[in-house]
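Bear in mind that the values here come from a model prediction, so they are computed numbers and not experimental data. As the structure lists them, so they are numbered: ligands from 1, and atoms in each ligand from 1.
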Amino acid sequence: MRHFLKPSDLNAEERISVLNRARELKALTTPPTEQNLRVGGLYFNPSLRTRISWEQACWRLGASCQTINAGADSWKMEMNPHAVMDQDKQENIVEAAGVLGRYFHLLGVRSFPGTESWDVERTEPTLSAMCQYAGVPIVSLEGAMHHPCQSLADELTIREHFGNPEGLPVALVWAWHPNPLPMAVPQSFALQTALAGCDLRIVRPDGYDLDPEVMDEIRATGSKVTVTNDRAEGLKGVKVAYVKSWGSMPLWGQTDAEREFRSGLRDWQFDRNTWNLTDEAKVMHCLPVRRNVVLSGEMLESEHSLVFDEAENRLWAQAALIEHIAKREGLI
Ligand code: CP
């Protein structure tokens, strides 16, 4: 059984096929045909776009979808399969996953990293347990390492605006934020655009490197990759600027130390002056975004902003992805 936990969990042929199908589904005006396909969405963290677009993607396919907010409208879950459960948690992930696997043919799971060291968080304990015990395909709706549904929608958005993105200069640009944020979105965007053959620039201050395993996978694609702390150099000539804040890997889980480390970086906001360093780039962000902190309101509202296209494309990319997995697994 194959899961979808990172962009490269679809091979090149599958990726292009899913992206083409997403565009077909986006253009369809006929009502859905009912399918015998039951899909779940299990959330350990809040969401606006993912939850709604996942449910709407299922509706578009004629599948049913149910959302479970773990610990809020279900029992408190113990993540350690070997725990002696004599404290406040009522259900172990082993039983919860096994039961959900009986109700659903396919399950999306969102589980952000916690505050352990990066060495621990990068192993994705919750997503890994769901893959191990649910017995059905698991789709990551954002983990510690990747947000592959977001990056699939981002590639769809880039293709809508630029066609085949091979050789297209795109930049992943770090921005200041009051808190150290997860690395899943930037890592997936970088890997997705490298898989698509883009000329990728990673523009970040020193101390904000991506996970070495992700960088190895990015370099193995053979696409051009540049990593720099110089915004003028990194943004020169770029057609897409993907703005995102993320935490420093060595300081992961040490929130106060991380905040201190980034205290001198507040000018890393993406505003009109930063945009002027690009070649009239389209501006992307996965949302939610801290307006006038990460991205200026002016750039968010400008004609260059693609943030609503990206958010909408979550629906179509996920519909195509769910259909692809369901067909591959012989579910529809
Ligand atoms: N971009 C994204 O995943 O949004 P949500 O956190 O609102 O789902």
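For the residue pair His146/Asp9, the side-chain donor-acceptor check at 3.5 Å is not satisfied. For the residue pair Ser248 and Glu258, no side-chain donor N or O sits within less than 3.5 Å of a side-chain acceptor on the partner. Judged by distance alone, the side chains of Thr157 and Asn313 do bring a donor and an acceptor atom under 3.5 Å apart.
The distance criterion of under 3.5 Å between nitrogen or oxygen atoms is met by Arg314 with respect to ligand 1. Every N/O-N/O distance between Arg51 and ligand 1 stays at or above 3.5 Å. Some N or O of Leu48 is nearer than 3.5 Å to an N or O of ligand 1, by distance alone. Looking at Pro46 next to ligand 1, no N or O pair under 3.5 Å apart turns up.
Protein heavy atom at the shortest distance from atom 4 (O) of ligand 1 is Arg49 NE, 2.9 Å. In terms of protein heavy-atom proximity, atom 6 (O) of ligand 1 is nearest to Arg110 NH1, 2.9 Å. The protein atom (non-hydrogen) at minimum distance from atom 1 (N) of ligand 1 is Leu287 O, 2.8 Å.
When each atom of ligand 1 is checked for a heavy atom of Cys286 under 4.0 Å away, the hits are 1 (N).
More than 12 heavy atoms of other residues, nucleotides or ligands sit less than 6.0 Å from atom CD of Gln90.
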Determine, step by step, whether Asp211 and Trp118 satisfy the side chain to side chain donor-acceptor pair (under 3.5 Å) criterion, reporting the C-alpha distance in whole Å, the side-chain angles of both residues, the deciding distance to 0.1 Å, and the verdict. CA-CA 9 Å; Asp211 187 276; Trp118 185 247; 2.7 Å; yes
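In this structure, CG on Leu42 lies 8.5 Å from CD1 on Ile138, to the nearest 0.5 angstrom.
Using a non-hydrogen distance threshold of 4.0 Å, His147 registers as a contact of ligand 1.
A tilted orientation is assigned to the rings of Tyr208 and Trp174, their planes being inclined by 30° to 60°.
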